[in-house]
Each structure stands twice: as structure tokens, then as C-alpha cells.
Amino acid sequence: MTTSTPNHVLALHAVRTLGHGDGARIAERVHLPQPEVEEHLLDAAAHGWVTRSSYGADDEWSLTESGKAHGERLLAAELDATGVRSEIATIYRDFLPLNDVVAAACTRWQLVELGLGPQDVSLASTITALREPAQRLAGIEHRLTTHLLRFTGYHDRFTAALTKASTEPAWITGIDRDSCHRIWFELHEDLIATLGLTR
């Protein structure tokens with residue numbers, strides 16, 4: 001049975017997986033109206049779980065240490081209530097070899113962009129290295145969403161970024177967009193937060 005995570009938990013958890021973000025970005029990530037997301041975050045701020053800081057013209061939310069701990073308690077309770085902890089742990093173990101491939105490919109490409117990478121690393125070879133993880137991510141996501149609906153979307157996002165990378169390499173590791181590296185990082189953070197692990 002697939003479980004839908006409560007909206008207030010989704011909003012708090014999105015701050016964790018994104019690292020930080022304004023209300024619009026967080027709302028987009030969890031597919032909720034921005035006013036509702038802002039309301040949940042204001043409530044979380046009143047409890048000391050998130051803080052809001054100004055960066056230029058934007059206000060961005062970030063998680064506090066107590067918010068991180070509280071979020072992990074909420075996710076642990078969700079796993080216990082649904083009885084799917086062992087299933088998610090198994091999927092995470094299957095995810096780790098793919099994570100190694102993606103991390104290595106992205107690191108090599110970042111070095112190339114800095115002029116420090118090996119001569120045989122090209123845009124084409126990097127995209128090729130990321131294709132198998134992209135394909136296998138579909139199965140990983142299907143298994144995850146069989147239990148927890150909030151894992152929906154990672155495969156489509158990663159595939160879209162990888163497709164765009166063929167003509168605009170910034171879609172591999174760019175920090176100013178929904179790049180392959182950023183999406184994969186968010187999925188990894190989502191999994192370790194869910195299981196209460198560390199990187």
C-alpha cells in the first residue's frame with residue numbers, strides 16, 4: 001500500500017533535501033500551494049525547526065539541528081506506522097552502487113570543467129556513464145513509491161536533466177538548476193533522512 005506523507009511533514013522534509021530554498025522552490029518540490037507551504041514553515045519556525053534568512057531580494061528557509069532531528073523522528077514514525085522500514089533499507093542498499101557511479105562521473109566532470117580532469121573524460125563519456133543509473137533509477141523509484149508516494153519524480157527529473165546536458169553541459173553538475181548532480185544528491189539525502197543514517 002502506498003502512503004501519502006502529511007503536507008506539514010513534506011514541507012519540513014523538502015527543506016532538508018533541498019538544503020535551503022525560498023517558499024516558491026519548496027512549494028514546487030512538494031507540489032503544494034506556496035501559501036500553504038509558507039504556513040507550515042512559519043509554524044515550524046515557531047518551534048525552532050527552521051530559520052528564514054534574507055539573501056538579496058529573496059528569503060530562504062533552512063533547517064536547524066533540532067529541525068533535522070525532529071524531521072527524522074517524523075520520518076521514522078512514518079516507517080514504523082507503515083511497516084516498510086526493512087523494504088526501504090533494502091532499496092537503499094541497492095541504490096548505493098548506483099550512487100557510486102553517479103558520484104564518480106559527476107566528480108570527474110567537475111574536474112574537467114576546472115581543467116584538472118583526465119584527457120579521456122568528455123561530455124559524451126560522462127553522459128554515457130550516467131545513462132545506466134538513469135535507467136535503473138526508474139526501478140528504484142517504482143519500488144520506493146510502492147510504499148511512500150513522496151519519492152515520486154526523481155527519475156523524470158534526472159532523465160530530463162541528462163537529456164538537456166547533451167546540448168548544455170551545465171545540466172550535469174550546475175548548482176543554479178535542477179542538474180543531474182543536484183537531483184541525485186536530493187534523492188540520497190531523502191533516503192538517509194528517511195532511514196536516519198548519515199552520509
Side-chain angles (χ1 to χ4, degrees), residues 2-5 7 9-34 36-37 40-41 58 60-63 71 75 78 88 91-110 113 123-195 197 199:
T2 301
T3 298
S4 296
T5 304
N7 289 354
V9 179
L10 287 175
L12 184 66
H13 184 53
V15 180
R16 165 79 182 262
T17 57
L18 289 170
H20 59 84
D22 61 20
R25 185 178 175 212
I26 295 165
E28 179 184 11
R29 184 62 71 248
V30 295
H31 306 290
L32 292 173
Q34 185 175 342
E36 179 183 349
V37 167
H40 291 312
L41 294 177
D58 298 321
E60 293 204 338
W61 297 94
S62 57
L63 209 60
L75 298 180
E78 179 180 60
I88 301 299
I91 296 168
Y92 177 64
R93 287 193 293 271
D94 294 341
F95 162 84
L96 288 176
L98 299 178
N99 186 63
D100 290 341
V101 173
V102 172
C106 288
T107 298
R108 286 194 300 268
W109 181 249
Q110 286 172 325
E113 290 185 308
L123 176 60
S125 67
T126 300
I127 290 173
T128 297
L130 293 173
R131 278 199 184 118
E132 182 180 354
Q135 291 168 355
R136 292 179 61 188
L137 180 56
I140 293 285
E141 182 178 312
H142 175 73
R143 291 164 64 195
L144 287 167
T145 56
T146 296
H147 306 296
L148 297 171
L149 193 59
R150 62 181 165 80
F151 282 100
T152 300
Y154 285 108
H155 176 254
D156 285 347
R157 290 169 58 204
F158 190 86
T159 301
L162 189 58
T163 299
K164 293 174 183 176
S166 63
T167 56
E168 195 172 348
W171 283 97
I172 296 175
T173 57
I175 60 173
D176 62 340
R177 64 195 67 207
D178 210 23
S179 65
C180 293
H181 183 260
R182 170 178 280 184
I183 295 160
W184 200 272
F185 181 92
E186 288 177 20
L187 173 56
H188 194 187
E189 191 69 17
D190 203 342
L191 286 164
I192 65 175
T194 299
L195 293 166
L197 304 173
R199 286 184 183 268

### Query
Atom CD1 of Ile183 and atom CZ of Arg177: how far apart are they, to the nearest 0.5 Å?
11.5 Å

### Among Glu113, Gln110, His181, the one residue meeting side chain to side chain donor-acceptor pair (under 3.5 Å) with Thr173
Glu113

#### Entry: Separation between NE2 of His13 and CG of Asn7, rounded to the nearest 0.5 Å
13.5 Å

### Query
Is it true that Arg16 and Glu186 make a salt bridge, defined as a side-chain N closer than 4.0 Å to a carboxylate O?
no

## Note on the structure
The side chain to side chain donor-acceptor pair (under 3.5 Å) partners of Thr5 (sequence neighbours excluded) come to Glu78, Arg150

## Note on the structure
Separation between CG (Leu123) and CH2 (Trp109), nearest 0.5 Å, reads 4.5 Å

### Query
Does any non-hydrogen side-chain atom of Val102 lie less than 4.5 Å from one of Cys180?
no

### Query
Between Thr194 and Tyr92, is any pair of side-chain heavy atoms under 4.5 Å apart?
no

### Task
Please round to the nearest 0.5 Å and tell me the distance separating atom CD1 of Ile172 and atom CG of Leu130.
6.5 Å

### Atom CD of Glu28 with >12 non-hydrogen neighbours under 6.0 angstrom
no

### Query
Hey, what do you get for CZ (Phe151) to CD1 (Ile91), rounding to the nearest 0.5 Å?
8.0 Å

### Query
Passes salt bridge (charged side-chain N to carboxylate O under 4.0 Å, His left out), Asp178 versus Arg29? Steps please.
CA-CA 11 Å; Asp178 210 23; Arg29 184 62 71 248; 3.5 Å; yes

### Where Val101 and Ala129 come nearest, the two heavy atoms and their spacing
CG1-O, 3.6 Å

### Message
Between Ser179 and Trp184, is there a side-chain heavy-atom distance shorter than 4.5 Å?
### Response
no

### Task
Write down the atom of Leu41, the atom of Ala11, and the distance for their closest heavy-atom approach.
CD2-O, 4.0 Å

#### Entry: Partners passing side chain to side chain donor-acceptor pair (under 3.5 Å) against Thr159 (at least two apart in sequence or in another chain)
His155

### Query
According to the salt bridge (Lys or Arg N to Asp or Glu O under 4.0 Å) rule, which pairs have a member within residues 17-27, sequence neighbours left out?
none

### Query
Just wondering, do Leu187 and Leu137 contact through their side chains at under 4.5 Å, heavy atoms?
yes

### Task
Show your working on side chain to side chain contact (heavy atoms under 4.5 Å, CB included) between Thr3 and Leu149 and close with a plain yes or no.
CA-CA 6 Å; Thr3 298; Leu149 193 59; over 6 Å; no

### Task
Quick one: list whatever passes side chain to side chain donor-acceptor pair (under 3.5 Å) with Arg108, sequence neighbours left out.
none

### Task
Could you tell me the separation between the CG atom of Asp190 and the CG atom of Leu75, rounded to the nearest 0.5 Å?
8.0 Å

### Query
Side chains of Ile26 and Leu18: closer than 4.5 Å at any heavy-atom pair?
yes

### Task
Mind jotting down which residue pairs meet the salt bridge (Lys or Arg N to Asp or Glu O under 4.0 Å) criterion with at least one end in residues 128-148? Sequence neighbours excluded, please.
Asp94-Arg143, Glu132-Arg136

### Query
Taking Val30 as the fixed residue, which of Leu12, Leu10, Thr17 is the one that meets the side-chain contact (heavy atoms from CB on, under 4.5 Å) rule?
Leu10

### Query
Are the side chains of Leu191 and Leu197 in touch, meaning some heavy atoms are under 4.5 Å apart?
no

### Task
Check the angle between the aromatic planes of Phe95 and His188 and answer parallel, tilted or perpendicular using the 30° and 60° thresholds.
tilted

### Message
Are more than 12 heavy atoms, taken from residues, nucleotides or ligands other than Ile175, located less than 6.0 Å from that residue's CD1 atom?
### Response
no

### Query
How would you list, by chain and number, every residue that makes a side chain to side chain donor-acceptor pair (under 3.5 Å) with Thr107, sequence neighbours excluded?
none

